[in-house]
Amino acid sequence: MTCASILRMFLLYLQLRIENNKTMDLINKYVWLVDTIYKAGRITYEEINQKWIEQEMDETPIPLRTFHKWRIAAEEMFHLNIECERKGGYHYYIDNVDEIKRGGLRNWILRNISISNLLLDCQSLKDRILLEVIPSGQEYLATILDAMKTNNQLSISYQGYWRKEVTTFTVYPYCVKLFKQRWYLVALSPCYNKVMVYGIDRIKDLEVNDEHFVYPDDFNPETFFEGCIGVMVDEEYDIETVRLKVSAHQSNYIRSLPMHSSQKETEWNDDYSIFTLEVRPTFDFQQEILMNGSDMEILSPEWLRCEIAEKTEKMYNNYKK
């Protein structure tokens with residue numbers, strides 16, 4: 001299943017949630033079943049029913065025939081293999097569970113649907129659940145995914161933060177990326193003959209062209225963003241080993257939510273920890289460093305340490321006044 005098809009499935013889910021309660025009720029049950037088996041690792045049909053009665057507050061157990069219908073539908077929807085180990089009591093498990101663990105998008109979809117269901121079932125707590133605001137532009141996401149699926153060119157009217165005027169141009173949509181509650185479009189600009197990143201919330205208008213483009217076999221979204229934290233891909237920065245000294249208190253946050261997949265903790269004590277990352281020290285990365293304030297210190301490379309020191313000195317001078 002491609003990224004575009006999974007994202008499209010999620011958007012379709014949100015639409016159907018509003019339009020067809022019966023269909024969505026079934027999808028909710030499929031998600032619940034997958035989530036239950038995934039969390040348990042291995043679980044019997046009887047244990048699944050027990051959790052159903054406890055969590056859904058429904059005294060009626062799931063009939064065996066209905067359970068298998070849900071299982072088969074969940075397999076088809078999420079491209080999973082739910083197998084049964086007959087030895088020791090017929091335990092059900094997800095055979096290709098590694099795909100969920102390493103396939104961030106599929107896991108993201110499952111988690112988001114589960115959370116959406118949880119929040120929708122807690123309408124009585126709506127004033128006590130605070131969510132982050134997502135900027136405008138999401139109305140274009142479905143159109144972009146459609147164009148990606150059919151390899152159609154896009155004509156977009158775009159206004160960058162540093163431009164006063166809106167410009168209209170054609171791009172070839174390659175992929176999309178979510179970062180800090182904002183969606184970004186990664187597309188080839190035929191004008192510059194370069195793959196560029198556009199904030200979807202800065203798109204003023206968008207149309208799908210009749211003309212198609214050829215998606216290059218040698219383009220890989222993960223490779224394109226290799227070593228990057230965020231969405232800025234600056235080829236002026238090589239991937240380097242960055243060593244960070246982090247206070248013991250802040251280390252708990254960095255440890256539980258790594259800054260990058262390459263992050264390793266190489267030293268720790270009661271006062272601080274040392275982390276190493278293989279990244280491009282772009283603007284986005286430097287912003288992450290500065291956001292941690294005095295709890296985080298660059299140890300190497302030396303040029304980056306000096307650059308961060310210069311920025312913090314400017315900040316100090318601003319407040320010194």
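Just the heavy atoms: all of them, side chains too, but no hydrogens, waters or symmetry mates, feed the values below.
Using modelled atom types, one finds no donor on one side chain facing an acceptor on the other under 3.5 Å when comparing E211 with N152. Between the side chains of T276 and T266, not a single donor N or O lies within less than 3.5 Å of an accepting N or O. For the 3.5 Å distance criterion, the side chains of S247 and H249 fail to qualify, holding no donor opposite an acceptor. Remark: the Q286 side chain and the E307 side chain contain an N/O donor-acceptor pair separated by less than 3.5 Å. A donor-acceptor pair shorter than 3.5 Å cannot be found between the side chains of E207 and S155. Side-chain contact check for Q50 and E54: at least one donor-acceptor pair (N or O, by modelled atom type) lies under 3.5 Å.
No continuous path of ILVMFWY side-chain contacts below 4.5 Å connects F169 to V186, so the two sit in separate hydrophobic clusters. Tracing side-chain contacts under 4.5 Å through hydrophobic residues (I, L, V, M, F, W, Y), one never reaches V233 starting from F285; they form parts of separate clusters. I308 and F283 fall into different hydrophobic clusters, where Ile, Leu, Val, Met, Phe, Trp and Tyr residues are linked whenever their side-chain heavy atoms come under 4.5 Å apart, directly or through other members. The cluster map of Ile, Leu, Val, Met, Phe, Trp and Tyr, joined by side-chain heavy atoms under 4.5 Å apart, puts L290 and M296 in the same cluster. In terms of hydrophobic clustering, with Ile, Leu, Val, Met, Phe, Trp and Tyr side chains grouped at heavy-atom distances under 4.5 Å, L141 and V208 are assigned to a common cluster.
Side-chain rings of Y92 and F67 approach one another, their centers coming within less than 6.0 Å.
Within the 4.5 Å cutoff, the side chain of Q153 has no heavy atoms near those of the H212 side chain. Within the 4.5 Å cutoff, the side chain of Y174 has heavy atoms near those of the F213 side chain. Put simply, the side chain of L154 reaches to within 4.5 Å of the side chain of L206, judged on heavy atoms. You'll find the side chain of E165 reaches within 4.5 Å of the side chain of T167, heavy atoms only. In this structure, the side chains of T60 and W52 stay at 4.5 Å or more apart for every pair of heavy atoms. No side-chain heavy atom of Y90 sits less than 4.5 Å from a side-chain heavy atom of T44. Residues R71 and L33 form a side-chain contact, since some pair of their non-hydrogen atoms from C-beta on lies under 4.5 Å apart. A 4.5 Å side-chain heavy-atom check between L188 and F219 finds every atom pair outside the cut-off.
The two atoms that bring F224 and V197 nearest to each other are CE2-CG2, 4.2 Å, heavy atoms only. Minimum heavy-atom separation, D270 to A248: O-CB, 3.3 Å. Listed here is the closest heavy atom pair of V34 and A74: CG2-CB, 3.6 Å. Nearest heavy atom pair, residue I203 against residue D205, reads CG2-O, 3.3 Å. Of all the heavy atoms in S189 and Y198, the pair that sits closest is CB-OH, 3.6 Å. Nearest approach of P190 to T170, heavy atoms of both residues: CD-O, 3.1 Å.
Around CD of E313, the count of heavy atoms belonging to other residues, nucleotides or ligands within 6.0 Å does not exceed 12. The 12-atom threshold is not exceeded at NZ of K69, counting heavy atoms of other residues, nucleotides or ligands nearer than 6.0 Å. By the neighbour-count criterion of 12 heavy atoms within 6.0 Å, atom OH of Y253 is sparsely surrounded, having that number or fewer from other residues, nucleotides or ligands. Heavy-atom neighbours of N318 CG from other residues, nucleotides or ligands within 6.0 Å: above the threshold of 12.
Looking only at distances, no side-chain donor or acceptor of W268 sits under 3.5 Å from a matching main-chain atom of F275. No donor-acceptor pair closer than 3.5 Å links the side chain of E267 to the backbone N or O of S273. Remark: side-chain polar atoms of T150 are paired, donor with acceptor, to backbone N or O of D146 under 3.5 angstrom. Of the possible donor and acceptor atoms, one in the side chain of Y45 sits under 3.5 Å from a partner among the backbone N and O of I62. No donor-acceptor distance shorter than 3.5 angstrom exists from the side chain of N292 to the backbone of D295, with no hydrogens or angles considered. For Y140 (side chain) and K204 (main-chain N/O), a donor-acceptor pair under 3.5 Å exists by modelled atom type. Remark: the backbone N or O of M259 is paired with a side-chain donor or acceptor of Q263 at under 3.5 angstrom. Formation of a donor-acceptor pair under 3.5 Å by the D284 side chain with backbone atoms of V231 is found in this model. Using modelled atom types, no side-chain atom of E265 and backbone atom of R255 make a donor-acceptor pair closer than 3.5 Å.
Look at E236 and R280 and you find no salt bridge, because none of the NZ, NE, NH1 or NH2 atoms lies under 4.0 Å from a carboxylate O. In summary, K264 and E278 do not engage in a salt bridge, as defined by a charged side-chain N under 4.0 Å from a carboxylate O. A salt bridge does not link K51 to E47: none of the charged nitrogens lies less than 4.0 Å from a carboxylate oxygen.
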query = Which is it for L244 and E297 under the side-chain contact (heavy atoms from CB on, under 4.5 Å) test, yes or no, and what are the steps along the way?
reply = CA-CA 6 Å; L244 303 174; E297 177 188 354; over 6 Å; no

key: Audit row: I37, R42, side-chain contact (heavy atoms from CB on, under 4.5 Å) steps and yes/no   = CA-CA 7 Å; I37 298 174; R42 275 173 165 73; over 6 Å; no

task = Carefully, step by step, assess W303 and E240 under the rule side-chain hydrogen bond (donor to acceptor under 3.5 Å, both in side chains).
result = CA-CA 11 Å; W303 73 264; E240 299 188 51; 3.1 Å; yes

inquiry  = Pair I200, I144 - check side-chain contact (heavy atoms from CB on, under 4.5 Å), show working.
reply    = CA-CA 10 Å; I200 293 181; I144 291 172; 3.7 Å; yes

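With a 6.0 Å cutoff to the six-membered ring centre and a 45° limit on the axis angle, K245 counts as a cation-pi contact of Y272. Under the 6.0 Å distance and 45° angle rule, R202 does not count as a cation-pi partner of Y158.
Just one of I43, I94, I82 meets the side chain to side chain contact (heavy atoms under 4.5 Å, CB included) condition when paired with Y38; it is I94.
For the atom pair CD of Q287 and OG1 of T282, the computed distance is 9.5 Å after rounding to the nearest 0.5 Å. The distance from atom NE2 of H260 to atom CD1 of I254, rounded to the nearest 0.5 Å, is 14.0 Å. K177 NZ to R182 CZ: the interatomic distance, rounded to the nearest 0.5 Å, is 15.0 Å. To the nearest 0.5 angstrom, L299 atom CG is 13.0 Å from T241 atom OG1. Rounding to the nearest 0.5 angstrom, the gap separating the CG atom in D95 from the SG atom in C84 is 12.0 Å. One finds the CD1 atom of I298 at 4.0 Å from the CD1 atom of I289 (value rounded to the nearest 0.5 Å).
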